[in-house]
Structure formats: structure tokens, C-alpha cells
Amino acid sequence: MSSSKKHFNPHLQGERSAEIGQFIALNQEVFAELLTFIDFAEKFTLGFVEVNFPPDVDLLIEGLQNHPECKNIQFAILNFPDENLRFLRDEIVQELPNIQLEANKKLVLIVRGLAKSIGVFDSYPPVLQDLNFVRDAYKTRVTHPILFILPDYAITRLAKFAPDFWAWRSGVFRFKTPEITRENALNQTRNTENIINRLEPQEKQERIDLLERLLMEYKPTGYQVPEGDIRRYSNVLQQLGVAYLNQRMPDKARLYLEEATKAAESLKDRKYQGEIFNYLGETYFQQRQFETAITYYQQSLNIAQNIENRDDEATALFYLGNAYLKLRQFAQAKELYQQCLEIESELEDTYSCASIYHQLGRVAEEQRQFEQAQQYYLKALKIFEDAGDLYKAASNYHQLGNIAYLERKFEQAQQYYLKALKIFEDAGDLYNAASNYHQLGMVAEEQREFEQARQYYFKALKIKEDRRDLYKAASDYHHLGRVAEAQGEFEQARQYYLKSLQIFEDAGDLYKAAGEYHHLGRIAEAQGKYEKARQYYLKSLQIFEDAGDLYKAASDYHQLGNVAYVQREFEQAQQYYLKALKIYEDAGDLYKAAGEYHHLGMVAEEKQQFEQAQQYYLKSLKILEDAEDLYKAASDYHQLGNVAYLERKFEQAQQYYLKALKIFEDAGDLYNAANDYHQLGMVAEEQRQFEVAISYYQQAFSIYEQFQDWYLTSLTLAKWGRALEAQSNYSQALRIYIRALAIAIEHFQDSIDFYRNALARMLGVLGENQFDTIWHEVKGSDCAGEVREAIWAARDRLNEEG
């Protein structure tokens, strides 16, 4: 709030005075009407002043404050720019006591800044609902004339959504915009398409607000666009469409772009019309309506070909390639990109070729042709670096990092992401830097460096939240959930997935929400809540099927198979895995099909169909080896080892486990290597090679303990203890069982009986004195209380059972 005592001086020199004078001269008649309104207004009186641009609002207020006819008027300026404002009357009443009244002057309130809370699109904005609802209270609580200064669209919306309040108006004063204000606004909004993504959230909103106000200039409510302004009007429409696309508001963007299309038709500008068709295609692309997007891109392509504009033809082909890439029609996408590349090469536009190489790399990456993808990214990188455009080069470093990540070359991936990160940070583009923090988090997550991963995700999350991009922040909540899930912190993981889910649902993006339902299903599954897990997977499945994305639906069929598998509903599990398998094979994705062969092998193994299981595992193994993914192949070697173990083919089992073990150790994945150490211990134990078995169990135990996987730690201790028992090394077995019981008491109450019985056996063999001595050596205290009673009772029960 502010007020002024300055008096108008027609001879005052200076640029500001000249601007005020020009504004009043342009609006001489309406300014005079406003002065008359102010002079006669008493008590609660409503006036609405239409001014489209804030700088002109400043000119008008200063003009009023300094005008001789207002020397007995005290203006109090109340600014309410909060876009979440709801209770305007309460805010005004709160400000009134802070106004220092001037003697012998009438107080007139000027309210500005409401355009943000009134908004442009949403029906019944809260501030207008309340304005209408508490209308009568203004007469008793706000006993002064009020001037609402608003742009055209805000006044129109106020009249529509607060009709009772609007009915009390005593005057509406519409001011014209000086040409210099228009020109300044146009200059500020130039190049929106190229820079909007780099603007801070507040700057983005200011850019959109400015464009909205310009739009009102060219087409005031109730009027047609003058013929001479159609071009500028359509350009503003296009820029607004681009701005809302950048904000991921495709429905809003489409409203402007469809209007721009009509303007382009009236201008008979085919080239411009083609550009708009591309943007309209993008609105559907964002909503994953790729077939509809393709119809618009195709229209743009047809126009470009008809007018023989090769540059625009290349652009349309590029957009078409993107759509077919999303549809996983890789051959079609590659062909379109190749056509685009031919045109850009013909035009000798090497710089534009770089973006096409980048997309060709994406196609190869999706097909797991990593070497080919890498070559394309390196081509694009060289072009951008030769052009001195490190900013654009960063995206290729990022993608090269992705390739290294997928090949499990984590150090190399980290180096690429750090290169991209530095470029974005040096450019002051923290927003794009966030994506590299995110990827660095994924690298750390894969290496089970969970605290490091969490820190990276939080860095990415903070940047996105600071930029008020909750939609992008959802991916960081999702991965924080994955980190928590990997550490067995299921409730924490569930909370993160729910946060991500809420963001996607609020954004109306059910497709992305499906991924969160999927992971909430995994949490429920991990907690043994199988019916809840099934419900989540079915929700996700329904969304993907409704979206026509069977490829994504396959992952839910897979998880539904897992739920059936753990419940030992093997026929049901098999059906789900076969459904997923068919989808992947129909899509030509043998790599993903390998996972289904693997799980079908597990079902067959459970059904004691060992030959069938072996065939499935070998199918999976061949696919993964052909894809040169030895890391994934290791799990098939492990399962083939299990089959051989169950068939008591111990030498063959040992060979398979050793193959798996080497792969995991070479990849630095000690956690999975521990599973093979454990299984090798079991093989050795079956062969009565107890020292060898104990050595393997010790190695497995050491790793599980390091990763704090207490369930597998205790299980390995149990196997270790049994091997010692088999050697009649009861004193050492007792020491192992004591450690296992301590872990069970802290982490796994349901397995305590097993370890009590094991300790009871040792008690029976060693006797009470030796038992107590060893217990004290291990625990540092005596075996007493409930624990002692339970062990002694178990011993007595075992003796009775013979």
C-alpha cells in the first residue's frame, strides 16, 4: 500500500512527466470521466478501470495523484499479486487500519494485482466466488470508494464469475494502450519459443502474463481483430501456445494454437499454417495421443512439400520420427530421421544434422544397439563442439552416460553425466543440471551406494521444486522410493511413491500414474500383502491397456505372474508370464522376452519339470548372451545351477554357480555374488566337503552383513552352523547359532524357534557348563531369563521326541 502528496505540474520537465502526459492525452475523454467519478463517489462505490499493462497502471495512478482536481483526494494503493488469494475483503479490511488518513481528504482505494488470482482459464476462481458471496459485507466493512484496475480479460471474468458484485458497479473506464507500451511488450516477448525453457518460473509466468495482455490489445472482449493486427495477433497466440506447451499444459496450449490456425488461414500463409500444425501435434504428443499427433505432423509435411520448402519438410519429418519412436515403431522412426538427414545434408545444414544424429542414437538405444547409439551420439557431439555450442553438446554427454549406464559401465557413465552437469551449471541452467543429478543418483543406486543416491535425488528434487516443476520432481520422489525399497524401508518407499502418484494424478497424467501404481504393487508384494499388490497391478494394467500401450502393460502381467508365483498358484503365474512374453515377442523385443523365459523357467522348476525349466533358462541365456549382457545372463546361470542342484548333478551345478559368480564379481556386484557363494556352499555340503562349504558360507555371510541384509545373513549363519555340526564341531556351531539368534531376535521374530532348537541341540551335546561358558564368551553376559528358559525347554522337548 502507498499514497502520495505530489501535485500535478503541467510544466514539469522530465521523461516520466512526458510519459504520463502522453498516456492521459491518448485517453483524455475516459480520464476526464474517471476524474468525475472520483469526485462524486462517496462511501462504498465501485469503479472498474481497464488497463492492460502494469507500466500503464503506474502512469495512470501517478496521473491521478498529481492532477489538480484530485488535490482533496487521498489515494491508497492496495496491491494483491498473490495468485492463491481467496478472501479479498478480509485482506482489504486488514490493510485499512494501516492507512494514515490525511486531514480533509476523501480516501479512495485503488486495488491492483488481482489479475493473477482471477486467472485466465479455470472456472469460478476462488477469489471471485468469495467476492460474489460476501458482496453485502463490503457496504459495512469497506466504507470507501474502490477502483479496481484490471486488464480486459480479468474484468470479463469478474463480470462472468462474480455477477452480483459486478452489478454494483458505478462506472467502467477503458483506457487505450500507448503504442510505445505495445512495442515494449512485443520486444520483451520476442523469441519466446527459443528461451522459454531457460527462464525461471517467475519469469515464465511474467512472459505468459505479458502475452495474455498483448492478446487483449489485438482482440478486446467483444471486438474483432483489426485486419492490420491479424499477423501480430496470431504470433502472440502461437507464443502462448508454445509457453503453455513448455508448462506441460497441452489443453491450454491447444486453445491458443487452434485460434492461431484460424488466423493463419485468413492470412493465407501456408508456411505459417504448417508451423502451427507441428505445435498442435506437440499438444497431442504430450498427452501420448501419438496417432493424432501424427495426423498434424503429416499435414505440416504435406504443406511443406506442396510449397517446396525443404527446411520445413525436414522439421515435419523430425516430429514424425519422434512420434513413431514413442510408438516403438523403430524402423519407421529411423526411416523418417534418415529422410530428414538427407534434406539437412542437401541444405548443408550440418548443425541441424546433429539433432537428427541424436535421435537416431535414441532409436538405436531403444533397440539395445548400444555401439550404434554411441556412434550417433558421438557424431552429434562433435558437430556441437565444433560449432562451439557446448550447451547443446551436453545432451549428448548425457545420452552417452545413459549408454554406459545400460552397459553397467558405471564409472564411465558417471564421467559423462558429470561433464553434462558442469556445462549446465556453467551456463547457469540448474534446471537441466537436475536431470544429471538424477542420473548420477541412478548410477549410485545401481552400485548400492544408497546414501549417495539419495543425496543426488534430493539435489535434483530441490532444483525442480524451486522451479515449481512438481511434474518433473515426481521422478525424483519415485527414485527416492526405489532407494527406500531396496533398503527394505517399505513404508518410506510407499510414501514417496504416493507423493509421485499424487503429482501425476493432479496433472491429469494417468499414464505416468500407472507407473506409481505398479511400484506401490511391488511394495505391497514385498510386505506380503498380495491381494493389495494384485489390485495395484490391475489398476496399472487397465491404464496401459486403455492407452493402447500393451508394451507397458506387459510389465504388469509380469508382476501379476510374480504374485501368483509366490502364492504357489503356478498355473496362473504361467499364464501371466506367457501373456507378457507374447507382447514382447510381438514387439520384437527379445531382450525383454528373456525375462519372461527366465520366470517361466522358475515356474517349471517349482513344478519339478526340470527339463522344461532348463530349456526356458537356456532360451533366456542365449538372448542375453547375444545381446552381450553377461550381467543379466548371470541370473540364468544361477538358476541353471539350481536345476542341476535339485537333480543332484552337483558338478554341473558348481560350474553354473561359478560362471554366475565370476560375472557378478567382474561387475563389482558383491551382493548378487553372495547368492552364488551361498549356493556353492550348499553344493559342497551335499558333497560332504564341509571345509569348502564353510569357506563359501563365510564369504556369503561377510557380504550380506556388509549390506545389512539380515534375513540372508541369518540364513547363511544357519547353513554355516549345520556344516559345523556335520563335522561334530559343536562348540563352533554353538557360537554361530548364538550370533544367528541375536539377529533373529532383532529382525526376524518368526525364525526364532529354528535357532532355539539349534541351540537346544548344542546344549544337549555340550552340556550346561560348556554351553554357558561359550555363551558368555560370545555375548559377554550369561544366558538367563526367558531366553534361557526357552532353550532349556526346547532341549527337554527334543529329548522327549528321541
Hey, does [Y] have a side-chain heavy atom less than 4.5 Å from the side chain of [X]?
X: F318; Y: Y297; value: no
X: H398; Y: S435; value: yes
X: I294; Y: Y324; value: yes
X: Q535; Y: K532; value: yes
X: Y565; Y: H599; value: no
X: V563; Y: R534; value: yes
X: E291; Y: L327; value: yes
X: F285; Y: K326; value: yes

Shortest non-hydrogen separation from [X] to [Y] and the atoms involved:
X: L245; Y: Y279; answer: CD1-O, 3.9 Å
X: G441; Y: A453; answer: O-CB, 3.3 Å
X: G241; Y: A253; answer: O-CB, 3.3 Å
X: A573; Y: A564; answer: N-CB, 3.6 Å
X: F570; Y: V603; answer: O-CG1, 3.8 Å
X: I583; Y: L550; answer: CG2-O, 3.3 Å

Measuring from [X]:[atom1] to [Y]:[atom2], what's the distance to the nearest 0.5 Å?
X: E606; Y: Q574; atom1: CD; atom2: CD; value: 13.0 Å
X: E628; Y: E407; atom1: CD; atom2: CD; value: 8.5 Å
X: Y244; Y: Q286; atom1: OH; atom2: CD; value: 14.0 Å
X: E366; Y: L325; atom1: CD; atom2: CG; value: 6.0 Å
X: Q559; Y: Y537; atom1: CD; atom2: OH; value: 4.0 Å
X: L630; Y: F664; atom1: CG; atom2: CZ; value: 11.0 Å

Should the pair [X]-[Y] be classified as a salt bridge under the 4.0 Å nitrogen-to-oxygen rule?
X: E451; Y: R454; value: yes
X: K607; Y: E571; value: yes
X: K464; Y: D476; value: yes
X: R328; Y: D589; value: yes

(Q) Going by the rule side-chain hydrogen bond (donor to acceptor under 3.5 Å, both in side chains), which residues pair with Y711 if we only count those two or more places apart in sequence or in a different chain? (A) none
Does the side chain of [X] pick up a donor-acceptor pair with the side chain of [Y] at under 3.5 Å?
X: Y704; Y: N675; result: yes
X: Y671; Y: Q706; result: no
X: Q287; Y: R254; result: yes
X: E83; Y: S117; result: no

Side chain [X], main chain [Y], donor-acceptor under 3.5 Å:
X: T283; Y: P250; value: no
X: Q412; Y: G401; value: no
X: Y536; Y: E531; value: no

(Q) Y337 vs N322, test: side chain to side chain donor-acceptor pair (under 3.5 Å). Steps then yes/no. (A) CA-CA 9 Å; Y337 290 138; N322 293 348; 2.5 Å; yes
(Q) I'd like to know whether T713 forms a side chain to side chain donor-acceptor pair (under 3.5 Å) with E705, so could you lay out the CA-CA distance, the side-chain angles of the two residues, the decisive distance to 0.1 Å, and finally the verdict. (A) CA-CA 6 Å; T713 299; E705 186 179 44; over 6 Å; no
Would you call the rings of [X] and [Y] parallel, tilted or perpendicular, where under 30° means parallel and over 60° means perpendicular?
X: H479; Y: Y457; value: tilted
X: H519; Y: H478; value: perpendicular
X: Y577; Y: H558; value: tilted

Q) Given the rule in the salt bridge (charged side-chain N to carboxylate O under 4.0 Å, His left out) test, do R408 and D629 qualify, once you have shown the distances and angles that lead to the verdict? A) CA-CA 9 Å; R408 302 190 65 80; D629 191 343; over 6 Å; no
Q: Give me the one residue out of Y551, Y597, Y591 that meets ring pair (Phe, Tyr, Trp, His ring centres under 6.0 Å) with Y584.
A: Y551
Q. What's the verdict on side-chain contact (heavy atoms from CB on, under 4.5 Å) for L501 and Y477, showing C-alpha distance, side-chain angles and the deciding distance?
A. CA-CA 9 Å; L501 175 64; Y477 282 124; over 6 Å; no
(Q) Could you work out, with ring pair (Phe, Tyr, Trp, His ring centres under 6.0 Å) as the rule, every residue matching Y284, not counting sequence neighbours? (A) Y296
Q. So with a 6.0 Å cut-off around CD of E491, is the heavy-atom count from everything else above 12?
A. yes
Q.
For the CD atom on Q567, are there more than 12 heavy atoms of other groups (residues, nucleotides or ligands in this structure) within a distance under 6.0 Å?
A. yes
Q.
Using side-chain contact (heavy atoms from CB on, under 4.5 Å), reason through N672 and Y631 one step at a time and then give a plain yes or no.
A. CA-CA 10 Å; N672 275 310; Y631 180 83; 3.5 Å; yes
Q: Would you check, one step at a time, whether the test side-chain contact (heavy atoms from CB on, under 4.5 Å) holds for E282 with Y319?
A: CA-CA 8 Å; E282 285 294 280; Y319 282 124; 3.5 Å; yes
**Q.** side-chain contact (heavy atoms from CB on, under 4.5 Å) assessment of E625 paired with L621
**A.** CA-CA 6 Å; E625 287 185 330; L621 181 63; 3.9 Å; yes
Q: Check the pair Y617, H598 against ring-ring contact (aromatic ring centres under 6.0 Å, His included), reporting the backbone distance first and the verdict last.
A: CA-CA 5 Å; Y617 292 140; H598 180 91; 5.4 Å; yes
